[in-house]
There are 2 protein chains.
Amino acid sequence: MNIYDVAKLAGVSIATVSRVVNDSPRVSEKTKRRVLAIIEESDYTPNVFARGLGLDSMKTIGIMCPDISDEYMAHAVSHLEHRLRAYEYDCILYCSGYEQKNKEKSVNLLLAKRIDALVLVGSIYAGDGDDESETEYIRNAAKQIPVFMINGKIPGDNIYCGYCDDKQVTYEVTTELIRTGRKRILFLSDSYSYSANQKLEGYEEALRDAAYPVLGDLKLYTKNDIHYVRDMLLARKDLDFDSVVATDDGLAVGALKYAAARKITVPQDMCVVGYNDSALSVSCEPELTSVDNQVEKICNNIVDDMIKILQGSEDFEKEHSVPGKIIKRCTTDF
Amino acid sequence: MNIYDVAKLAGVSIATVSRVVNDSPRVSEKTKRRVLAIIEESDYTPNVFARGLGLDSMKTIGIMCPDISDEYMAHAVSHLEHRLRAYEYDCILYCSGYEQKNKEKSVNLLLAKRIDALVLVGSIYAGDGDDESETEYIRNAAKQIPVFMINGKIPGDNIYCGYCDDKQVTYEVTTELIRTGRKRILFLSDSYSYSANQKLEGYEEALRDAAYPVLGDLKLYTKNDIHYVRDMLLARKDLDFDSVVATDDGLAVGALKYAAARKITVPQDMCVVGYNDSALSVSCEPELTSVDNQVEKICNNIVDDMIKILQGSEDFEKEHSVPGKIIKRCTTDF
DNA sequence: ATGAAAGCGCTAACAT
DNA sequence: ATGTTAGCGCTTTCAT
């Protein structure tokens, strides 16, 4: 059943059917009703490929993330999908993995699909900020279609960014820890991404502002695996710390497991703060104080702006920064 | 840059370019090389819409799940996406929510996209097995394209199912609990889905086989929220149980929190078994014995068969059942 | 081995 | 208000 069949059945031309389907005002109420009736009873659906060919768009947004089974990214994708659906856009999902080569390849495959815009979820795509060539492929993509970053920031034409102010909130967290008497705060991270670097900056600035030394020993990079972190900490007998600022809840829970193994009481003898306010944070014992980085808000902002940009409007922000929110639970005494 | 431009530059017809692009053997090695060179240096990519229009396929699979922020579904989608990518299929993702109406609407929107096949993730789509009309929209979809269920089973032409043998493994878990002396086993669930019903059957059969009574009191349906479950259990002072079989880790962790609040020692005075072997199960304390329902295996099986079906091969299974695996941790004494 | 041309189903410019 | 028709860029059949 195509537009010709419908036209024939309704006794009109295909142009009229097309007008009806696209809700053009240049059709009389009467014919419109007749055509609509035929469409209804014949179960006609316009061929999206033909339409795409003509308009050079299928109203599809490419969403790329390193790993959809990561809770944070899954949440981001969930919000993006919902918001985009409200605007009648579809999402095609690419999980690129974490390797540079695959990230580049995925972007190219996605571009070949003639998507209307590209969303990159995860600060991993922003690189570590040092090496420009690392993000070259993103700037190239932006030459063809608008590119949006969730939780990442890279400069460039046609690139729009939304992120949590990780530096500020990590500064606040660290400062609270200092205020409540912590002397040796361990910074625990699992990556050198843009966002991890922001968190580190906030941590260091808080230390400096409190006239604390910034010690290399107290900055640890490890694998985001609860047991791995616990065992690693257990093995590092030289390490002396009375609190932990982690860039992810998984790392924080690992620290909690370490405390349990060493019979260290939390929060009295050790404070822990996680990041992302994930399901882990209420599953562990004691329940974890964590930072909510407002991914829903970021995603909604980005989608709303994307639609405006795709419609050619000028009324949007090139960047959105939202403040993080400290969710106080039981692993801190503030 | 389109096929005409490439043809002109290479001094051949568009048919030849098309043959080269599609790796047809009916092109001389020499022209092939020349055309390939032009394609390379001009960055030509075939227009997927035009190709889709001609072939009536864009090599795209529709993946639908109620909620991608659910860990289980996120994992399923992750595995599906990876496997499909290996076969050069793209995924378009729809999150339908849990309401019947939206599920039906989402399927129809997806069908209108002229996807090559549809994957339904989550036993929620299989209904509760009682009401046929609830799954009518799926059988209708199957009239147009093959439909695949991850963790669900509904009969019908062109519908293919992959699932974990939830009944069997729940039977085993319950039997172990009985063997280790548990008398009053609470069955905790959050839905009446196909899979939840299978688990219930396994639970009941185990009780019957052990000549235990099957008590209505001990079958509880609640919300999948850790604190909610804890508080609900705390409020039900009448309830007497010495172990819990939960259909999801979140529920199980809720039971654990209840035990902690009541100072009940786990596993000595109360055993708990979760389901899905999620990140929660190693985050909580003590760590949770859980059932791994082998979602990766199910997804891979389904995708492999899907490809065969799309290629017209007959060498596939209409159904895949994989056994669940009990991951023993610290909340049981078996 | 290669080319010419029909056809896929739609949108939109133009004609009436 | 409605119809006619030219693309959109590809695949494929049929000639050569």
Side-chain angles (χ1 to χ4, degrees), chain A residues 1-39 42-60 88 90 111-116 144 310-312, chain B residues 1-39 42-60 88 90 111-116 144-145 310-311:
Chain A
M1 178 64 62
N2 61 28
I3 200 171
Y4 293 94
D5 300 325
V6 174
K8 199 168 293 173
L9 286 172
V12 296
S13 74
I14 60 163
T16 300
V17 177
S18 177
R19 288 192 188 97
V20 170
V21 167
N22 293 291
D23 222 25
S24 156
R26 300 138 70 67
V27 192
S28 79
E29 203 49 51
K30 205 172 140 193
T31 35
K32 188 175 192 167
R33 263 201 305 280
R34 190 161 29 128
V35 172
L36 245 20
I38 300 288
I39 287 178
S42 67
D43 259 338
Y44 164 71
T45 333
N47 185 306
V48 285
F49 302 147
R51 185 179 261 173
L53 182 56
L55 302 178
D56 197 27
S57 158
M58 261 181 62
K59 291 198 75 169
T60 302
E88 300 186 297
D90 288 316
L111 288 178
K113 290 294 164 207
R114 306 211 177 224
I115 49 175
D116 297 307
Q144 298 186 38
L310 291 175
Q311 291 172 345
Chain B
M1 180 62 62
N2 61 29
I3 200 171
Y4 293 94
D5 300 325
V6 174
K8 199 167 293 172
L9 285 173
V12 296
S13 74
I14 60 163
T16 299
V17 176
S18 177
R19 288 192 187 99
V20 170
V21 167
N22 294 291
D23 222 24
S24 155
R26 300 139 69 66
V27 192
S28 78
E29 202 49 50
K30 205 173 142 194
T31 35
K32 188 174 192 168
R33 263 201 306 279
R34 194 172 31 173
V35 172
L36 244 21
I38 301 288
I39 288 178
S42 67
D43 259 336
Y44 163 72
T45 331
N47 184 306
V48 285
F49 302 147
R51 185 179 261 172
L53 183 56
L55 301 178
D56 197 28
S57 158
M58 261 181 61
K59 291 198 74 169
T60 303
E88 301 186 295
D90 288 315
L111 289 178
K113 290 294 163 205
R114 290 191 147 66
I115 49 174
D116 296 308
Q144 297 185 40
I145 49 170
L310 291 175
Q311 291 173 344

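The chains referred to below are lettered A, B, ... by the order of the sequence lines, with proteins before strands, and numbering in each begins at 1.
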Inset, instruction - Could you tell me whether A:N22 contacts a base, only the sugar-phosphate backbone, or nothing, with contacts defined as non-hydrogen atoms closer than 4.0 Å? - result: sugar-phosphate
Inset, instruction - Check if the side chain of B:Y4 and the base of D:dC10 share a donor-acceptor pair of N or O atoms closer than 3.5 Å. - result: yes
Inset, instruction - State whether the distance check finds a donor on one side and an acceptor on the other, under 3.5 Å, for side chain B:R19 versus base C:dG3. - result: yes
Legend entry - Whether A:S42 side chain and A:I38 backbone form a donor-acceptor pair below 3.5 Å: yes
Legend entry - Gap between atoms NZ and C1', on A:K8 and C:dG9 respectively (whole Å): 14 Å
Inset, instruction - Looking at every strand, decide which applies to B:V48 at a 4.0 Å heavy-atom threshold: base, sugar-phosphate, or nothing. - result: nothing
Legend entry - Which residue lies more 5' along DNA chain C, comparing B:V27 with B:G54 via nearest heavy atoms: B:V27
Inset, instruction - Output yes when at least one side-chain N/O atom of B:T16 is less than 4.0 Å from OP1 or OP2 of C:dA1, else no. - result: no
Inset, instruction - Please state how far atom CZ in A:F49 lies from atom P in C:dT11, giving the value in whole angstrom units. - result: 15 Å
Inset, instruction - Using a cut-off of strictly less than 4.0 Å, decide whether B:R26 has a side-chain nitrogen or oxygen near OP1 or OP2 of C:dA1. - result: no
Legend entry - OP1 or OP2 of C:dT2 under 4.0 Å from side-chain N/O of B:S28: yes
Inset, instruction - Give a yes/no answer on whether the side chain of A:T31 brings an N or O atom under 4.0 Å of OP1 or OP2 in D:dA1. - result: no
Inset, instruction - Measure the distance from OH on A:Y44 to P on C:dG9 and round it to the nearest whole Å. - result: 10 Å
Inset, instruction - Quick one: pull up NZ in A:K8 and CD1 in A:I14 and give me the separation to the nearest 0.5 Å. - result: 11.5 Å
Inset, instruction - May I ask you to verify if any side-chain N or O of B:N47 is less than 4.0 angstrom from the OP1 or OP2 atom of D:dG9? - result: no
Legend entry - For atom CD1 of B:I3 and atom P of C:dG7, their distance in whole Å: 19 Å
Inset, instruction - Return no unless some side-chain N or O of B:N2 is found under 4.0 Å from OP1 or OP2 of D:dC8. - result: no
Legend entry - Under 3.5 Å: donor-acceptor pair, side chain of A:N2, backbone of A:Y4: yes
Inset, instruction - Give the rounded distance in Å between these two atoms: CD1 of A:I14 and P of D:dA1. - result: 19 Å
Inset, instruction - Report the distance from atom CG of A:L53 to atom P of C:dC10, rounded to the nearest whole Å. - result: 12 Å
Legend entry - Gap between atoms CG and P, on B:D5 and D:dC10 respectively (whole Å): 9 Å
Legend entry - Phosphate OP1/OP2 of C:dA4: any B:S13 side-chain N/O under 4.0 Å: no
Legend entry - Residue pair A:R19 / A:R26: nearest heavy atoms and the distance that separates them: CD-O, 4.0 Å
Inset, instruction - Take atom CE of A:M58 and atom P of C:dT11, then tell me their distance rounded to the nearest Å. - result: 13 Å
Legend entry - Carboxylate-amine/guanidinium contact A:K59 A:D116, below 4.0 Å: no
Legend entry - Gap separating the CZ atom of A:R51 from the CG atom of A:N22, nearest 0.5 angstrom: 5.0 Å
Inset, instruction - Would you classify A:L55 as touching base, sugar-phosphate or nothing, given that sugar-phosphate means primed atoms plus P, OP1 and OP2, and contacts are heavy atoms under 4.0 Å? - result: sugar-phosphate
